[in-house]
Amino acid sequence: MGSAQPPTQRACSPGHDTRCSLAWLWIWAKTDRFGLSRKRGNSPWNTLLAHCLDTAAVCGALFDHYLAAPVRARLADAFGAGDVAKARSILMFLAATHDMPGKAIPDFQLGFLQSRDPELLAHARHWLAQAQSHGLPLDSTHRTARQHAHVTARYLPGLLGCTCCTDDEDETGPEHHGLHAIAALLGGHHGHVPNSSCIGTAECDLTPAWKSLQRELLNELARLLDVDLTELPALVRPERPCVLPLFAGLVVHSDWIASDESRFTYRTPETAGTNTDLWWRSSREEAAAAIRDLRLHRWQPTEMTWAEQMPDTPQPRPAQKAVIDARITGQSLVIIEDTTGGGKTEIAQYLTHRLALTCGYHGAYIALPLRAASDQIARRYRDYLTAILGSREAANLAVVHGSAHISEINRELKEASSANLDPSLINITNCDDPDTHQPASVVLHTWYEERSRGLLSCFGVGTIDQLVLAPQKSRHWFLRLYGLVNKTVVIDEAHAYELYQQQLLGAAIAWLADAGSSVVILSATLPKHQRHALLAAWCSGLQTQPSTPNPTGPITIVDSQGRCRTLTSARSKTSRKHRTRIRLMADPGPEALAHHLLTQHTTGITTVIRNTFIRAEALHDALLDQAEKQGWKPEEILLLHGRFFEKDRAHHQATLEAKLGPHPDPAARATTANPDRPERLLLIGTQVLEASLDYCTDHLYTDLCPFDLLLQRRGRQWRHTLNRPRHKHLAPLTHVLWTPNEDGLPCLPRPGTPGVYDPYILAATWHALHQHMPAHAPLTLTLTSPTDTQPILNTLYGDPPPDGQTPIHHLLRTLYPHWQRRLRDERKAAEGRELWPYDQNGNPTTYEELASGPSHGAGDDPDHPAHLAARSRLGTPSIDVIGLYQHPDRITWDPAGHEPADLRRYHPYADQDQEAHRLQRRHFLLNTVHVPHYWIGDLPNPTTWTKPEPAPALTDRPTLLLTPDGSPLDGRLAHLTYTPQTGLSRRRRPQPPVTS
DNA sequence: AAGAAAAAAAAA
């Protein structure tokens with residue numbers, strides 16, 4: 001049978017049709033590389049049919065239990081002309097073919113004989129003899145290895161009946177676009193959707209015997225999965241763009257679960273016989289158990305009032321009440337602008353429930369700007385879910401960010417998981433049975449810990465970066481979109497993201513809208529252009545126009561037709577009015593400033609926030625130089641910045657919060673000051689002191705910085721009311737340090753240089769402060785928030801520079817074009833990476849545009865140059881370096897030599913190694929320091945710096961091997977030093993040895 | 001002339 005012939009159903013049914021051999025049943029797909037299958041007493045290799053059936057079974061179970069209702073509806077349209085059951089079967093069948101025909105070629109099959117493990121090799125020889133005797137045409141000449149996924153992409157369309165790929169040129173017909181699309185997406189199951197030239201290179205020279213084997217295997221799959229191959233081509237219509245990443249994601253999700261040999265039994269004709277109907281049954285049973293164990297079942301919320309959901313705050317505040325009364329039903333974009341303390345987090349929690357109830361989402365993802373904030377909100381969301389899930393549901397909640405595996409809340413959730421009922425005792429059918437009880441709990445299965453898996457958990461809290469990366473091509477990127485579109489996605493602190501991220505968030509929102517999910521956006525007041533951009537992105541995904549293109553807030557609700565509602569009377573009255581006193585102070589330089597601080601602030605906590613690492617370090621040095629003379633002890637002067645090993649920084653931050661934070665006992669906070677607060681302290685640092693750390697300073701000095709950040713920094717002053725008993729009636733005084741030039745204008749970084757802050761924004765901030773300076777006391781001004789501050793922000797970021805003829809006006813007009821260029825560059829950086837579901841003319845994105853490759857962003861690929869590799873944030877590139885200490889007889893994690901480093905290599909999937917692997921990963925992360933690229937200049941590849949030997953775990957990891965006193969062993973790095981107290985420095989070169 | 005922050009690699 002040649003591939004030119006139309007596919008036929010039920011051509012071959014094992015055990016019933018004696019004309020067919022069962023040679024295809026000997027085609028293998030997986031070998032037991034880690035011994036997990038054999039340990040369970042099963043086969044050392046798995047047949048392709050079994051793996052295909054396992055994948056199909058998982059796909060079906062995910063379709064039934066995991067996918068959100070709108071997602072299923074879109075898949076039903078794309079794979080079943082609206083018929084859900086039909087689409088389900090076809091999706092299962094297509095998921096099964098991800099390795100078919102890719103692995104059903106002689107090249108791949110002979111790869112079994114390349115096994116390095118002698119035991120596996122013996123099994124391979126046995127397999128070959130058996131397979132040959134059952135008619136599998138294999139001669140044992142070695143062939144070139146091919147990417148099996150690309151072989152699937154190359155040959156599947158023809159096997160499924162696309163007429164453009166027949167062998168006989170006379171019968172060539174038109175290309176079936178849908179079949180080629182799904183084949184390419186299946187070809188992407190290792191993470192990158194291949195492009196056409198990549199698929200072309202997977203050309204194999206197949207004998208008619210192999211073609212017919214492939215056909216027989218495919219027919220057997222179709223028979224078992226009850227798919228009519230003759231009607232399949234007409235039903236496969238993946239036209240809506242969201243269907244493409246959804247399909248790719250569903251396949252990979254299914255494959256990853258089905259490839260877990262601790263859940264799915266390897267089956268061969270020798271171990272499981274040839275009754276494939278029994279194989280299919282056991283696939284379904286094991287898939288059901290896997291879905292249950294991984295808790296991949298949708299949230300099934302019941303109607304609940306606000307008071308039932310929020311027992312601690314049963315009385316909704318104004319903004320909360322407005323949202324409740326809006327009775328939101330169906331897919332929505334909800335933008336809530338309110339000040340901190342207005343209860344936005346609770347509204348968002350309430351909306352995840354409300355939207356899951358009315359739309360059928362499987363859960364929710366909450367995105368925040370920082371990892372630390374994610375951990376905090378995850379804790380609150382855990383408590384919320386625990387309260388409302390009811391007694392028969394349990395759910396996974398994953399913290400999703402780069403260091404989630406050392407997150408404390410993740411650890412607690414994982415512990416709750418292992419303490420829970422043995423999941424193997426529970427059948428999947430219990431999901432829908434209200435009488436079955438299971439202890440209520442919010443947990444996390446360790447399965448979700450591996451990278452790229454966090455967003456697959458029904459509930460997640462994590463960084464905004466996960467969302468920003470979702471519409472950018474990189475390995476397994478579509479899995480992010482797939483995980484997100486089944487949820488309500490909450491974007492917190494929406495005003496806090498730079499233009500680059502805002503733009504990519506727009507793309508993500510458009511995909512979410514196209515797939516039927518809902519988005520909740522929380523912010524303090526949004527600049528209006530940002531609100532409009534969010535609305536435009538939403539409507540672009542819906543391919544509609546907003547009914548009100550320029551809504552005003554503070555609460556905006558947009559439905560799936562683009563109809564906008566604005567709730568106006570809801571802004572919370574609770575926002576306290578803050579007054580801020582600001583004094584502009586010419587920076588006298590580090591020595592004089594140090595003298596000033598040591599003599600003027602001999603009591604209380606004094607904090608200096610500098611814009612650059614160099615400035616912070618210089619001031620710290622000057623302070624230490626003069627400390628003794630002024631009667632200060634060195635330990636009363638602290639330095640904090642971002643260039644510490646994670647564990648040292650965590651230690652300093654914890655100390656800071658313990659000493660300068662509120663009372664350790666939450667119950668005592670309102671009445672008692674922190675007893676550990678020292679009499680005095682000088683704290684010098686960079687932007688790490690600006691946000692997220694909960695400490696309170698009495699006096700504050702800051703470098704001139706953008707106005708919004710100035711307010712942010714000022715928030716650390718008199719933060720806890722109990723720390724300012726003597727100043728109740730006064731606003732705190734913040735000193736803003738600036739350097740005047742000869743014209744009396746601020747010295748600014750030259751425009752176009754990669755400075756921290758744009759000179760235009762700095763000059764405009766300086767100008768705004770001067771404008772508010774009272775004429776009678778021209779150094780100190782008082783600002784009331786938000787009445788004074790909001791207009792300043794709007795002007796700063798929204799308006800062109802003012803007319804006027806004074807020097808500052810001229811300066812602003814000179815700098816403004818550079819600022820605009822900077823914004824344009826950021827937008828371009830986003831445009832070079834982002835994928836949208838529809839272009840500006842409404843044309844849907846096609847599968848060809850999703851193509852990427854393993855070299856995507858690696859530099860040698862002209863289609864995807866390095867500067868367009870996926871990034872969640874722009875900024876100075878840095879590399880993560882692992883710090884280790886060399887002692888005479890051992891390598892340790894710490895300078896004192898107490899914690900020996902285990903640098904053996906562990907395999908993350910091999911049973912016995914998992915715990916050691918996790919511990920090692922944890923150590924690596926804790927001993928990582930981020931080194932700016934320009935600090936190491938044109939030094940060779942950091943992975944080649946002097947390393948301990950032997951250290952297989954450090955292969956390919958940039959390593960900084962230090963002496964116990966913090967000097968690098970590699971002479972090329974002699975300009976760097978590290979101490980746990982001051983961090984990594986590149987300024988203090990070690991003195992050259994005195995030569996006599 | 002350059003901060004903080006986040007991210008990154010299994011399905012043979």
Side-chain angles (χ1 to χ4, degrees), chain A residues 28-34 45-46 51 54-55 98-99 102-103 107-109 111-112 114-116 120 145-149 189-191 251-261 264 368-374 400-404 450-453 462-469 472 474-477 480 496-498 501 609-616 640-643 649 685-693 703 705 709 749-757 759 854 856-858 869-880 907-909 930 932-935 956-957:
Chain A
W28 69 277
K30 292 190 178 290
T31 60
D32 186 28
R33 288 192 304 153
F34 304 120
W45 62 278
N46 198 14
H51 178 56
D54 289 344
T55 310
H98 73 282
D99 280 345
K103 290 185 176 176
D107 312 51
F108 180 88
Q109 290 300 305
F112 199 172
Q114 310 294 317
S115 303
R116 293 223 187 107
L120 266 188
R146 279 169 216 283
Q147 288 261 8
H148 72 257
H189 75 263
H190 292 167
V251 169
V252 170
H253 195 191
S254 306
D255 186 26
W256 284 4
I257 296 173
S259 301
D260 183 344
E261 52 278 74
F264 288 85
L368 296 123
L370 303 176
R371 299 193 240 197
S374 310
V400 194
H401 57 64
S403 53
E450 287 305 319
R451 103 178 332 129
S452 321
R453 289 184 184 173
T463 50
I464 192 74
D465 303 72
Q466 300 298 327
L467 207 46
V468 170
L469 288 169
Q472 300 184 61
S474 65
R475 195 175 178 87
H476 289 128
W477 62 277
R480 288 201 181 89
Y497 305 117
E498 57 194 83
Q501 291 175 297
I609 305 183
R610 312 237 73 169
N611 286 356
T612 66
F613 173 85
I614 295 277
R615 290 166 67 80
L640 194 61
H641 52 75
R643 312 261 166 261
R649 185 168 151 192
T686 57
Q687 291 83 342
V688 288
L689 297 174
E690 183 174 282
S692 76
L693 272 181
D703 283 344
C705 65
L709 299 179
R750 229 158 18 96
T753 56
V756 181
Y757 303 118
H856 192 92
R871 284 181 80 175
S872 62
R873 300 172 192 226
L874 297 177
T876 325
S878 67
I879 52 167
D880 293 359
H907 200 284
Y909 312 109
H930 313 288
H933 215 268
Y934 68 90
W935 275 30
D956 298 331
R957 290 182 198 268

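In what follows, chains are A, B, ... by sequence order, proteins preceding strands, each numbered from 1. Just the heavy atoms: all of them, side chains too, but no hydrogens, waters or symmetry mates, feed the values below.
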What nucleic acid atoms does [X] come within less than 4.0 Å of, heavy atoms only: base, sugar-phosphate, or nothing?
X	result
A:Asn46	nothing
A:Arg649	sugar-phosphate
A:Tyr934	base
A:Ile464	nothing
A:His930	nothing
A:Val688	sugar-phosphate
A:Arg451	base
A:Arg873	base
A:Thr463	sugar-phosphate
A:Asp956	nothing
A:Gln466	sugar-phosphate
A:Arg643	sugar-phosphate
A:Arg480	sugar-phosphate
A:Leu689	nothing

How about A:His98 and A:His190: does a side-chain donor come under 3.5 Å of a side-chain acceptor?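 Side chains of A:His98 and A:His190: no pair found under 3.5 Å.
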Go nucleotide by nucleotide along DNA chain B from the 5' end; which of A:Pro877 and A:Gly755 gets its closest nucleotide reached first?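 Its nearest nucleotide lies further toward 5', so the answer is A:Gly755.
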On DNA chain B, check which nucleotide each of A:Asp880 and A:Val756 is closest to and give me the residue with the more 5' one.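 It is A:Val756 whose nearest nucleotide is closer to the 5' end.
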Partners passing salt bridge (charged side-chain N to carboxylate O under 4.0 Å, His left out) against A:Arg615 (at least two apart in sequence or in another chain):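 A:Arg615: salt bridge (charged side-chain N to carboxylate O under 4.0 Å, His left out) contacts with A:Asp587, A:Asp703.
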Where is the tightest heavy-atom contact between [X] and [Y], given as atom of each residue plus distance?
X	Y	answer
A:Thr686	A:Gly642	OG1-N, 4.2 Å
A:Asn611	A:Cys705	OD1-CB, 4.0 Å
A:Arg480	A:Ser474	NH1-OG, 4.1 Å
A:His189	A:His148	NE2-NE2, 3.4 Å

Are the side chain of A:Lys103 and the backbone of A:Ala29 linked by a donor-acceptor contact shorter than 3.5 Å?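 A pair under 3.5 Å: yes.
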Reading DNA chain B 5' to 3', which nucleotide is the first, and which the last, to come under 4.0 Å of any heavy atom in chain A?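 With heavy atoms of chain A under 4.0 Å away, the range is B:dA1 to B:dA12.
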